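This report concerns only the one structure given below.
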Amino acid sequence: MDTRVRRESLAAPGRSRPATLRRTLRYAALLLGVVFVLIPVYVLLVTSFKGVGDASPARAWLLPSTWTMENWTSAWQQLAPAIGRTISMVVPSTIISAVLGCLNGFVLSRWRFPGADVVFTLILFGMFLPYQAVMIPLLELVLALQVPNGVPSLILLHVVFGIPITTLIFRNYFETVPHELMEAAKVDGAGMLRTFWSVALLASLPTLLVYVILSKYFISGLMSGSVKG
């Protein structure tokens with residue numbers, strides 16, 4: 001028995017060497033891949049701090065002889081108006097979509113009025129409508145409502161396209177909130193609106209923050225899926 005244990009202990013280091021070698025090779029391959037991916041980033045970042053005469057293919061890998069922020073300043077001056085318009089469009093549309101979706105999700109999950117499932121299904125249809133199919137009706141709607149051109153009309157369009165996905169997210173989330181919590185609020189005399197503001201917004205705050213921060217990924221996934229096929 002002791003002889004077999006001794007043999008296994010002596011053979012254990014030998015068996016661990018291939019695993020260690022594989023792990024080392026795996027990490028080396030990952031490191032090589034990271035370096036390969038970051039090479040263009042390095043060249044781009046270094047070039048951004050070079051002057052006009054210093055930025056050439058022959059010196060692409062070298063550090064700037066004279067560091068300058070002129071390129072960054074010029075780029076910011078040209079992009080600042082577009083970035084400002086984007087922020088003024090994305091922030092309101094995201095907040096409005098999230099709030100409306102939260103209200104819809106709360107009503108559809110906790111207030112089982114007649115036809116609630118039909119209304120929820122009709123709202124979800126908006127997730128599968130391609131933008132090209134509703135572009136003209138939306139334009140006519142914007143013109144009929146006399147919404148000013150530019151950022152206000154874009155905010156309205158993003159809100160319209162954001163409501164289905166936010167309603168789905170919050171409706172499914174409110175289904176996970178314990179019914180006892182809502183019943184306790186009702187026993188304390190809270191109505192539907194009071195329950196929503198005092199109990200359900202508080203409970204949905206993490207989900208709301210996630211959507212506000214990652215809304216562009218939700219919208220891009222929704223839009224990419226709507227034009228396939």
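Predicted model, so just to flag it, every value in this text is computed and none were measured.
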Exercise. Got a sec: does the CH2 of W67 have more than 12 other heavy atoms crowding it under 6.0 Å?
Worked result: yes
Problem set entry | Linked, directly or transitively: V46 and L62 (ILVMFWY side chains, under 4.5 Å) | no
For this session: Report the distance from atom OG1 of T167 to atom CZ of F120, rounding to the nearest 0.5 Å.
Result: 7.5 Å
Exercise. Same cluster for L44 and L63 if Ile/Leu/Val/Met/Phe/Trp/Tyr side chains link at under 4.5 Å?
Worked result: no
For this session: Please examine the side chains of T47 and N71, heavy atoms only from C-beta on, and report whether any two atoms are closer than 4.5 Å.
Result: no
Exercise. Taking all non-hydrogen atoms of both residues, which atom of I87 and which atom of P92 are closest, and how far apart?
Worked result: O-CD, 3.8 Å
Problem set entry | Verdict with reasoning, V91 to I95, per side chain to side chain contact (heavy atoms under 4.5 Å, CB included) | CA-CA 6 Å; V91 173; I95 294 176; 3.9 Å; yes
Exercise. Heavy atoms, side chains only, cut-off 4.5 Å: are F161 and L156 in contact?
Worked result: no
For this session: Answer yes if V37 and V43 sit in the same cluster of Ile, Leu, Val, Met, Phe, Trp and Tyr residues linked by side chain heavy atoms under 4.5 Å apart, and no otherwise.
Result: no
Problem set entry | Side-chain touch T166/L100, heavy atoms, less than 4.5 angstrom | no
For this session: For I136, look at atom CD1 and say whether over 12 heavy atoms of other residues, nucleotides or ligands are found less than 6.0 Å away.
Result: no
For this session: Answer with yes or no whether the hydrophobic clustering places Y42 together with L45; edges join I, L, V, M, F, W, Y residues whose side-chain heavy atoms lie under 4.5 Å apart.
Result: yes
For this session: Using a cut-off of 6.0 Å, state whether more than 12 heavy atoms not belonging to E70 lie near its atom CD.
Result: no
Exercise. Should L168 and F128 be counted in the same cluster of Ile, Leu, Val, Met, Phe, Trp and Tyr side chains packed under 4.5 Å apart?
Worked result: yes
Problem set entry | Pairwise distance CZ(F49) to OG1(T66) - rounded to 0.5 angstrom | 14.0 Å
Exercise. Is there side-chain contact between L31 and Y27, with heavy atoms separated by less than 4.5 Å?
Worked result: no
Problem set entry | Side-chain touch T20/R23, heavy atoms, less than 4.5 angstrom | yes
Seminar exercise, completed: Rounding to 0.5 Å, atoms NE2 (H158) and OG1 (T94) come to a distance of 8.5 Å
For this session: Measure the shortest side-chain to side-chain distance between C102 and F174 over non-hydrogen atoms and say whether it is less than 4.5 angstrom.
Result: yes
For this session: May I ask you to decide if M69's main-chain N or O and T73's side chain share a donor-acceptor pair within less than 3.5 Å?
Result: yes
For this session: Check whether any side-chain heavy atom of F170 lies under 4.5 Å from a side-chain heavy atom of L108, and answer yes or no.
Result: no
Exercise. At what distance, to the nearest 0.5 angstrom, does CG of L143 lie from OG of S153?
Worked result: 9.0 Å
